[in-house]
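One structure below.
Here, residue 1 is the first one in the sequence, and each next residue gets the next number. Values in this document were obtained by computation on a predicted structure and should not be read as measured data.
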Amino acid sequence: QVHLVESGGGLVQAGGSLNLSCVASGNIFKINAMGWYRQAPGKHRERVAMTISDYSAHIGYSINLQESVKGRFTITRDIAKNTVYLQMNQVKPEDTAVYYCKADVVLNTHGRDDYWGQGTQVTVSS
């Protein structure tokens with residue numbers, strides 16, 4: 001079993017900053033991808049930012065960012081600690097959502113699966 005635990009959500013004024021973190025633990029051989037989705041009330045869950053393992057990259061992963069957050073959000077990953085961070089700057093009211101961490105994990109006991117965290121609420125006031 002694999003567990004993802006998020007932290008760092010909260011209430012912030014528009015234009016402010018928040019930093020989310022997510023730690024994965026458990027039966028992990030390696031993580032193929034790890035990042036963040038969000039779901040606003042009445043909307044579908046959408047991908048915000050992902051790191052994809054790439055051992056040819058000098059940081060060990062490549063990055064995929066949703067267009068609406070480019071230039072404002074930064075995703076980083078500590079591969080050794082199975083942790084991913086989302087630095088959210090210049091936040092807007094439309095960034096309000098529950099943010100979920102997701103990891104594509106290869107298990108020690110063989111097999112591969114997607115795992116989700118419990119979600120952390122981010123609320124941006126105007």
Side-chain angles (χ1 to χ4, degrees):
Q1 186 62 282
V2 173
H3 299 280
L4 303 182
V5 179
E6 302 118 332
S7 60
L11 175 65
V12 61
Q13 286 190 328
S17 298
L18 274 178
N19 188 38
L20 307 183
S21 62
C22 173
V23 181
S25 63
N27 185 24
I28 299 170
F29 175 69
K30 68 174 181 176
I31 296 177
N32 289 327
M34 191 172 183
W36 297 92
Y37 282 65
R38 67 186 179 187
Q39 187 167 16
K43 295 189 176 182
H44 295 295
R45 191 172 296 188
E46 61 178 4
R47 186 167 66 180
V48 177
M50 289 298 293
T51 64
I52 301 99
S53 293
D54 179 356
Y55 301 112
S56 68
H58 76 282
I59 55 174
Y61 56 88
S62 59
I63 292 170
N64 184 291
L65 283 173
Q66 186 192 90
E67 198 64 34
S68 68
V69 306
K70 286 182 179 178
R72 302 188 298 120
F73 292 8
T74 302
I75 186 169
T76 56
R77 184 167 143 203
D78 187 327
I79 294 173
K81 294 182 179 179
N82 291 333
T83 301
V84 68
Y85 306 93
L86 185 68
Q87 177 65 42
M88 306 168 62
N89 296 329
Q90 301 172 49
V91 295
K92 304 175 181 180
E94 51 263 43
D95 294 321
T96 295
V98 178
Y99 283 70
Y100 296 91
C101 180
K102 179 187 175 183
D104 173 356
V105 178
V106 177
L107 305 174
N108 281 319
T109 51
H110 305 291
R112 174 182 171 180
D113 209 345
D114 288 335
Y115 294 88
W116 293 87
Q118 78 284 357
T120 185
Q121 177 70 47
V122 171
T123 303
V124 182
S125 62
S126 57

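- Donor-acceptor pairing under 3.5 Å is recorded for the side chains of N27 and T109.
- No side-chain heavy atom of V23 sits under 4.5 Å from any side-chain heavy atom of K81.
- By the neighbour-count criterion of 12 heavy atoms within 6.0 Å, atom CD of Q13 is sparsely surrounded, having that number or fewer from other residues, nucleotides or ligands.
- Put simply, I52 and I63 are part of two different groups of oily side chains (I, L, V, M, F, W, Y) that touch within less than 4.5 Å, one to the next.
- Both L65 and Y99 are assigned to one and the same hydrophobic cluster, defined by single-linkage of ILVMFWY side chains at heavy-atom distances under 4.5 Å.
- V12 is connected to L20 through a chain of hydrophobic side-chain contacts under 4.5 Å among Ile, Leu, Val, Met, Phe, Trp and Tyr, so both are in one cluster.
- Identified under the disulfide bond (SG atoms under 2.5 Å apart) test for residues 24-126, with sequence neighbours left out: C22-C101.
- Contacts classified as salt bridge (charged side-chain N to carboxylate O under 4.0 Å, His left out) and involving residues 10-38 (residues at least two apart or in different chains) are given here: R38-E46, R38-D95.
- The stretch residues 113-126 participates, sequence neighbours left out, in these salt bridge (charged side-chain N to carboxylate O under 4.0 Å, His left out) pairs: K102-D114.
- Remark: L11 pairs with T123, S125 by the side-chain contact (heavy atoms from CB on, under 4.5 Å) rule, at least two apart or across chains.
- Separation of atoms CG (L18) and CZ (F73) is listed at 9.0 Å; rounding is to 0.5 Å.
- Q1 is listed as a side-chain neighbour of Y115, based on a closest heavy-atom distance under 4.5 Å.
- Smallest separation of non-hydrogen atoms from S53 and I31: OG-O, 2.7 Å.
- Partners of Y37 under the ring-ring contact (aromatic ring centres under 6.0 Å, His included) rule, at least two apart in sequence or in another chain, are W116.
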Only distances under 3.5 Å count here; give the side-chain donor-acceptor pairs of residues 84-92 to other protein atoms, sequence neighbours excluded, each with its distance to 0.1 Å.
from : atom 1 : to  : atom 2 : distance (Å)
Q87  : NE2    : N89 : OD1    : 2.9
N89  : OD1    : S17 : OG     : 2.9

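- When all heavy atoms are compared, the tightest approach of S62 to D54 is N-CB, 4.0 Å.
- What you find for R77 and N32 is that their closest heavy atoms are NH1-O, 4.4 Å.
- V124 is connected to V69 through a chain of hydrophobic side-chain contacts under 4.5 Å among Ile, Leu, Val, Met, Phe, Trp and Tyr, so both are in one cluster.
- Residues V105 and M50 do not share a hydrophobic cluster, clusters being chains of Ile/Leu/Val/Met/Phe/Trp/Tyr side chains in contact below 4.5 Å.
- Across all their heavy atoms, P93 and S126 have their closest contact at CG-CB, 3.9 Å.
- To the nearest 0.5 Å, atom CG of residue N82 and atom CD1 of residue I28 are 4.5 Å apart.
- The shortest heavy-atom contact between I75 and M34 is CD1-O, 4.1 Å.
- Here the CG atom belonging to L4 is positioned 8.5 Å from the CD atom belonging to Q118, to the nearest 0.5 angstrom.
- N108 places a side-chain heavy atom less than 4.5 Å from the side chain of F29.
- Judged by distance alone, with hydrogens and angles left aside, the side-chain atoms of Q66 form a donor-acceptor pair with the main-chain N or O of R47 at under 3.5 Å.
- Between I59 atom CD1 and T76 atom OG1 the span is 9.0 Å, to the nearest 0.5 Å.
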